[in-house]
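Numbered from 1 within each chain, the chains take letters A, B, ... in sequence-line order. In this text the structure is predicted, and so the values were computed from the model without any measurement.
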Amino acid sequence: MSELIQAITMPKWGLAMSEGLVTAWHVELSAEVQRGQELVDIETEKIVNVFESPASGILRRRLVAVGDTVPVGALLGVVASEAVSDTEIDAHIEKFNAEFADVLAARADEEVHGPEPEVLDVAGRAARYLAMGEGNGVPLLLLHGFGGDLNNWLFNQPTLAVERRVFALDLPGHGGSAKVLAGVGVEALADDVAGFVAAAELSSLHLAGHSLGGAVAIELARRTPQQVRSLTLIASAGLGQDIDAEYIRGFIAAGRRKDLKPWIERLFADTSLVRRDMLDDILKFKRLDHVTDILTSIADSVFAGGHQALVLRDTLAALDMPRQVIWGAQDRIIPASHSEGLPSAVGVHVLDGAGHMVHMEKAAEVTALIEKLMDSA
Amino acid sequence: MSRKTYRQAINEALAQEMRRDPTVVFMGEDNVGGMGAPGEDDAWGGVLGVTKGLMPEFGRERCLDTPISESAFIGAAVGAAATGLRPVAELMFVDFMGVCLDQIFNQAAKFRYMFGGKAVTPVVIRTMYGAGFRAASQHSQCLYPIFTHIPGLKVVMPSSPYEAKGLMIQAIRDDDPVIFLEHKVLYDDEEEVPDDPYTLPFGEANLTREGNDVTLVTLGRMVKFCNEVADKLEGDGIRCSVIDLRTTSPLDEDTILENAEETGRVVIVDESNPRCNIATDISALIAQNAFDALKAPIKMVTAPHTPPPFAPELEDLYIPDQAKIEAAVREVAAH
Amino acid sequence: MATPSGLQLPREDLLRAYRMMCDIRAFEDRVHEEFATGTIPGFVHLYAGEEASATGFMMHLGNKDYIASTHRGHGHCIAKGCDIKAMMKEIYGRRDGLCGGKGGSMHIADLDKGMMGANGIVGGGPPLICGAALSAKTLKTGGVAIAFVGDGGSNQGTTLESYNLAKVWDLPAVFVVEDNRYAESTASVWSVGGSQLKRAEGFGLPGRKVDGQDFFAVYEAAQEAIERARGGGGPSLVHVETYRYYGHFEGDAITYRTPEETDEVRAQRDCLNLFRERVTAAGVLDAAQIDEIEAQAKALVDEAVAEAVAAAPPGEQDLMTDVYVAY
């Protein structure tokens, strides 16, 4: 019975990933593995990340050696119970590989992709988003931070989308959304996101926001508390005045890869995670017409004078949907201390070994925390 | 973001700038096509179709066909640039520079200097270069070293669709005369290119690969070849940096020198003929400024000192290819 | 020849035209003298004798109209409104010359005045003028563009290609062939095959030949061509028969023509004298006014030379500037 045999395949993180390099296995052959357990380290052009096992059982095969690069979707290993015979597993592998050869051929032929971003019109401005998942659960909307885009959720969105539809949105002026702002403050950004929520016909939703996207999420939850089922704030803006103003200025000003690199490294606890393609993608965004002006005007408003202009702690305290804040202990942009002193109803999770991009560095934990909060709603 | 060819990327750059700025016009032989002829309008869009589809949107007033008369229309583009337009003129093949060079190097390039800083001549001259089309000696040359030699000109050589769009928009917005060289073999290459307009700065080389063993300095079509060689040799433990110059004037000397100092081993890959070309220029730059850091002689991979030949067997020998590049890298790496 | 209409010009226009011609003559005569003293560097090509040509055309133009000139550009520059003192400083290679001392006699330009430059390349100007005319047409400025070439430049491919381009693009352009009988030392009766007017006709351009020593004849021919261009009637050509008093360049021993030939033109057909005779005979200007204009022109040029001699040259800090707008 093939259901007992679970294929572990090279994940696709982000739109551009076509292959990955296996840099370490964390589970020995024939050892037991739990779903969500760290299984294998994978390096892409953009980032190095740990891939958690999507299945529980015995790791019966490790098919890719450390140092090998294989395409997205290729078989990395096989998890199965002890009851399954070696012959069955080998037959399964053979069948998988035969089918995968066709997939690869089709991919080479006409570039078969996974889900592609789409665009909705919000008040005459294009809002780009990536939707994943078909489940019946209440949908989840992910809001990235200042200078980011929907790809910031690449490690979280596929897992979160197992039971529900998950939307990762590009904020106004960011990613593939229109490079024009109706206004520069958190309220104006929230207006646009509310417009997206209406256009996407999300009558109720879970919200998770990172950094600036967190402040926007609080503002949205304040406006329509009955609509927002849970609120996850990751390294969120709006919970204190401190912000690394030097980072904001440096990020906006950097025009070359080598100038940008130290600033992007500041987002991570482990700076070796920053790969050249991540820098290239950010540069490609920053070079688009109007982007520098947009980032500058947002920063001048939201981070005026090197401080966060808007502190929403009271607003957060006054809400009563399930709420949590998640922080990387080594966050150098917005200090983890902003998670302190919130009402006890707000869950607080400070993860060691992670910086501002805690949802990338500790993807499995952050994903699990979001799932848990949504389940509790 | 969607996949676009080099040809589409240039076309999109033109379209977006023409929408943004009503002073942008383009002109050239058959750039629209079919002028005065009884058949269809927009018949060609240039000999390889780069400007196809623009005339229906922007009209004949801004999409100008010309007689085969390079001296007159390249000069007209220069004169129009000095008097309020931003023309993009197509010199079909760079090999045809001989019949109009005066208007480029004695007029456009020198106006600003000769007139004491008062002239602004924002002309872009698009032109096709390079071997690989079996097009023989008068349609296959890489004459960019000649333009690079001339003060007052900027010389741009996009290596991919992404590069082509950003560099073309920059070229159109730039206030100086720009020679924009399109490699004819790259037109059908395809990659992800943002839909929004964007610019790539001149004088900033792009490191397409980063490695500590050997520095490959290159440009145009050769960037692709060098990337392939770098990827192949990485498997053999030779890690290469690949520097795509993007522009030969201005030249990003800092990136070249920093990288050469880091690796101490340099291969320069230039599709042009070897006397006084970009490879010799960069070789001199490194020899003068980073001599102490060199661990091996600088190696140049170029076309030979011959016109481009016609016979496919000969043309294949003429073009610097991956095998020649790989051999050069292995040679300096072993030093 | 048609009856010159210029005499019907308002008095102030006649004064302006004569002042223009006197400024050019005074400027060129003085540069000729100063050059001989060795204080002016480089090559200088003088326009003296041809003043009626530049003046007859430029009287019809404003700042939105562009001209391209030749080696022999001082007259066109002055007539198009370039600052005379700044021009003199430029010829002396001074830092506050019209082009910062970087252009010199052969590259004087002032785009704000519609002067696209004297040109060191024979036949360099006509393609540029097609561009200026294209700008005027595309941007609907109402401007026209005029290329001046000599009989030498009339033989360049660029000039002939430009006739064709201007015709097929239907540009508001005028081509003026200033035939002063000699291209360097070579006579135009030898170097020009066919005729200027038949060349124009061959490209579909209306053409007209005028006596370049007669301001009023040039003025009228210019008016016809410029009004045609400005009114959307397309390009045309004017063949101006004129004469230069000095050599091809300063220092030219002028052995290829006879002094008698030059003396005869100066005595019989000098454009300033003809103008003076005509307007005084008609009673529209009097001798005193004319003398005053001549004196004003000479005084201005005297000041220009004095200031240019005293002005500072550019320094090392200027060598590398203005190659690019940004680099």
Side-chain angles (χ1 to χ4, degrees), chain B residues 22-23 25 27 35-36 61-62 64-87 89 99-100 102-103 105-123 151-154 174-177 202-203 247 249-251, chain C residues 66 68 90 95-104 106-112 114 116-117 119-121 123-139 141 143 145 147 156-166 168-169 171 314 318 321-327:
Chain B
T23 68
V25 303
M27 63 179 74
M35 192 70 181
E61 276 208 343
R62 296 176 66 196
L64 292 146
D65 275 337
T66 68
I68 298 179
S69 187
E70 288 89 358
S71 256
F73 79 78
I74 294 292
V78 172
T83 56
L85 291 178
R86 285 186 181 268
V99 294
C100 62
D102 178 70
Q103 293 294 326
F105 90 102
N106 266 326
Q107 312 295 338
K110 297 192 173 85
F111 279 175
R112 189 163 182 83
Y113 196 77
M114 293 194 305
F115 302 164
K118 284 180 293 190
V120 178
T121 312
V123 65
L153 298 180
K154 292 175 177 171
D174 201 280
D175 281 334
D176 290 307
F202 292 168
T247 58
S249 177
L251 182 70
Chain C
Y66 285 93
E90 186 60 33
R95 187 165 198 261
D96 51 356
L98 194 54
C99 301
K102 287 174 170 173
M106 281 187 286
H107 307 299
I108 298 180
D110 190 345
L111 286 159
D112 292 340
M116 294 183 76
N119 209 309
I121 306 301
L128 301 173
I129 266 337
C130 289
L134 179 69
S135 287
K137 187 179 176 182
T138 308
L139 301 172
T141 66
Q156 286 281 30
T158 47
T159 302
L160 300 167
E161 283 192 38
S162 296
Y163 295 169
N164 187 59
L165 187 65
V168 301
W169 276 357
L171 295 175
D318 302 308
T321 57
D322 297 328
V323 183
Y324 296 91
V325 176
Y327 194 59

Which donor-acceptor pairs under 3.5 Å do side chains of residues 68-86 of chain B form with protein atoms, sequence neighbours excluded?
from: B:Ser69; atom 1: OG; to: C:Glu161; atom 2: OE1; distance (Å): 2.5
from: B:Ser71; atom 1: OG; to: B:Val99; atom 2: O; distance (Å): 2.7
from: B:Thr83; atom 1: OG1; to: B:Gly79; atom 2: O; distance (Å): 2.8
from: B:Thr83; atom 1: OG1; to: B:Ala80; atom 2: O; distance (Å): 3.2
from: B:Thr83; atom 1: OG1; to: C:Ser135; atom 2: OG; distance (Å): 2.8
from: B:Arg86; atom 1: NH1; to: B:Ile172; atom 2: O; distance (Å): 3.1
from: B:Arg86; atom 1: NH1; to: B:Arg173; atom 2: O; distance (Å): 3.3
from: B:Arg86; atom 1: NH1; to: B:Asp174; atom 2: O; distance (Å): 3.1
from: B:Arg86; atom 1: NH1; to: B:Asp175; atom 2: OD1; distance (Å): 3.4
from: B:Arg86; atom 1: NH2; to: B:Asp175; atom 2: OD1; distance (Å): 2.5

Problem - Modelled atom types, side-chain donor and acceptor of B:Ser249 and C:Tyr327, under 3.5 Å - result: yes

Handout entry: B:Gln103 side chain reached by C:Thr158 side chain, heavy atoms, under 4.5 Å
Key = yes

Handout entry: Check: B:Arg112 and C:Val323 side chains under 4.5 Å, non-hydrogen atoms
Key = no

Completion exercise
Distance col, row B:Phe115:CZ vs C:Leu98:CG, nearest 0.5 angstrom, shows 10.0 Å

Handout entry: C:Trp169 (side chain) donor-acceptor with B:Asp65 (main chain) under 3.5 angstrom
Key = yes

Handout entry: chain B interface, residue from C:Lys137, C:Met106, C:Lys102, C:Glu90 that has the most non-hydrogen pairs under 4.5 Å
Key = C:Lys102

Practice task
Could you tell me whether a side-chain N or O of B:Glu61 sits under 3.5 Å from a main-chain N or O of C:Thr138, the two making a donor and an acceptor?
Solution key: no

Practice task
Could you check if a side-chain atom of B:Lys154 sits within less than 4.5 angstrom of a side-chain atom of C:Tyr324, using non-hydrogen atoms only?
Solution key: yes

Completion exercise
Under 4.5 Å to a heavy atom of chain C? For B:Lys110 that would be neither

Practice task
Check the pair C:Leu134 / B:Leu64 against side-chain contact (heavy atoms from CB on, under 4.5 Å), numbers first and verdict last.
Solution key: CA-CA 10 Å; C:Leu134 179 69; B:Leu64 292 146; 3.8 Å; yes

Exercise for the section: Under 4.5 Å, counting heavy-atom pairs only, tell me which of B:Met27, B:Met114, B:Gln107 racks up the most with chain C. Expected result: B:Met114

Practice task
Decide yes or no for B:Lys118 and C:Asp322: does some side-chain heavy atom of the first lie under 4.5 Å from some side-chain heavy atom of the second?
Solution key: no

Handout entry: Under 4.5 Å from any heavy atom of chain C - which part of B:Met35
Key = neither

